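Remarks on the structure that follows.
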Amino acid sequence: MPIHSPWRADFPGILALEAEGQIYLDNAATAQKPQIMLDALLGYYASGAANVHRAQHLPGERATRAFEATRVKVAQWLNAETSEQIVLTRGATEAFNLLAYGLEDRFQPGDEVAISALEHHANLLPWQQLALRRGLELVVLPLDAAGTIDLQQAAQLIGPRTKLLAVSQLSNVLGRWQPLEQLLRLAAAQGAITVVDGAQGVVHGRHDMQALACDFYICSSHKLYGPDGVGVLYSRAEALRQLRHWQFGGEMVAQADYRSAQFRPAPLGFEAGTPPVSGVIALGASLDYLGSLDGAAVTEHEAALHAKLLAGLAARDGVRLVGTPEVALASFVVDGVHNADLAHLLTEQGIAVRAGHHCAMPLMQRLGLAGAIRVSLGLYNDESDLQRLFAGLDKALELLR
Ligand code: PMP
């Protein structure tokens with residue numbers, strides 16, 4: 001029996017692409033949206049848009065209530081203690097930059113910031129630039145052959161000079177869960193601030209912030225079947241108090257005169273200016289949708305599809321996986337074939353996969369690769385998509401070899 005997704009019909013974008021002859025296998029870059037989210041997005045505008053947190057009038061009050069309801073839903077999704085621990089940013093990338101500026105005072109020249117070799121540019125460049133501004137040392141934790149941060153080496157490299165550890169929960173290239181618990185323990189033993197990049201991890205399964213015990217956890221709405229333009233920064237309550245304000249403007253201020261100002265505490269103190277009101281409200285609808293699904297069934301569906309994806313790739317001559325992915329995606333190269341040529345021929349056949357460095361150039365350099373093709377799955381993908389992928393791959397490779 002071929003694997004079907006019972007949720008496919010909930011995603012008009014997938015159906016529209018299908019009607020156009022396209023299959024979508026680039027879910028780690030961004031996911032398609034459920035109808036309920038589109039309804040919420042349109043509903044906000046169609047029933048009267050208004051700014052949040054400032055107006056007394058009915059539409060303003062309604063928008064504020066819906067906006068704040070999403071904050072509560074995000075807090076529940078992540079099992080934060082309170083919704084005050086959730087800062088809504090304009091994307092995951094903005095949240096990393098918020099931290100790199102907001103924590104800047106915490107560092108002295110010579111302090112170390114530890115990241116891993118597999119980080120996305122979003123969890124590398126803000127720290128690299130902070131290190132350059134403050135004279136810090138960026139320490140890069142190496143990987144083992146499977147694509148997991150090497151714990152033995154991490155234990156050597158995380159030491160008394162480590163002031164911050166920032167690592168990914170699930171690699172967007174290698175598809176491997178990282179040993180967060182052990183890494184966070186190593187960092188906590190040194191009193192270091194801990195940051196987890198949950199941009200990929202949050203999409204697969206539920207993650208409990210109180211159990212994880214990191215200081216900060218960052219993710220994006222658009223990969224979680226929500227709208228783009230919204231990011232989430234979860235902070236442990238004490239960690240939140242260490243943050244300095246970083247963007248200045250309307251709504252984040254408690255009191256201002258021409259010469260000085262006092263700022264609001266989190267979360268609003270870190271949400272300067274008009275936030276992405278419609279997007280935040282629509283993210284709430286996506287979480288409602290995801291919350292209504294049987295999470296175990298989704299995980300099982302994705303795992304079954306992932307096994308077929310890996311088997312299909314393994315069955316093809318010259319196809320080499322990059323790392324040993326555990327979930328949802330597979331990056332690969334083909335001996336003697338340039339990834340851009342292959343991607344081009346797949347695109348021509350209506351197969352949407354990602355090619356290139358996947359915003360992790362240093363990782364690619366370390367792996368000695370010019371780039372790779374990445375196939376990443378969403379909950380609406382099914383076996384027919386994989387059949388199209390493999391047929392397209394065979395045809396492209398026949399032309400290229
Ligand atoms: N970290 C990882 C692991 C990612 O995959 C991404 C998105 N490609 C990001 C961070 C950045 O997310 P965004 O582009 O939504 O800001």
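Just follow the structure's listing: the first ligand is 1, and inside any ligand the first atom is 1. Bear in mind the structure is a predicted one, so any value in this text is a computation, not a measurement.
Of the candidates N97, N172, D197, it is D197 that places a heavy atom closest to atom 2 (C) of ligand 1. Atom 4 (C) of ligand 1 has its nearest heavy-atom neighbour, among E94, H222, H120, in H120.
Heavy-atom proximity to T93, at under 4.0 Å, picks out these atoms of ligand 1: 11 (C), 13 (P), 14 (O), 16 (O). Distances below 4.0 Å separate heavy atoms of A199 from the following atoms of ligand 1: 1 (N), 2 (C), 4 (C), 6 (C), 9 (C), 10 (C). Close approach to Q200 involves these atoms of ligand 1, each under 4.0 Å from a residue heavy atom: 3 (C), 4 (C), 5 (O). Taking every heavy atom of A122 and a limit of under 4.0 angstrom, the matching atoms of ligand 1 come to 10 (C), 11 (C).
The closest side-chain heavy-atom distance from P126 to L99 is not below 4.5 Å.
Closest protein heavy atom to atom 15 (O) of ligand 1: S220 OG, 2.4 Å. The single protein non-hydrogen atom nearest to atom 8 (N) of ligand 1 is K223 NZ, 2.7 Å, given as residue, atom name and distance.
Using the six-membered ring where Trp is involved, F270 and H245 have ring planes that are parallel, under 30° apart on the 30 and 60° scheme. Using the six-membered ring where Trp is involved, H53 and F67 have ring planes that are perpendicular, over 60° apart on the 30 and 60° scheme.
With no hydrogens or angles considered, no side-chain donor-acceptor pair links E18 and Q22 at under 3.5 Å. Checked by atom type, the side-chain pair T64/E61 shows no donor-acceptor distance below 3.5 Å. In the model, H222 has a side-chain atom that pairs as donor or acceptor with a side-chain atom of T30 under 3.5 Å.
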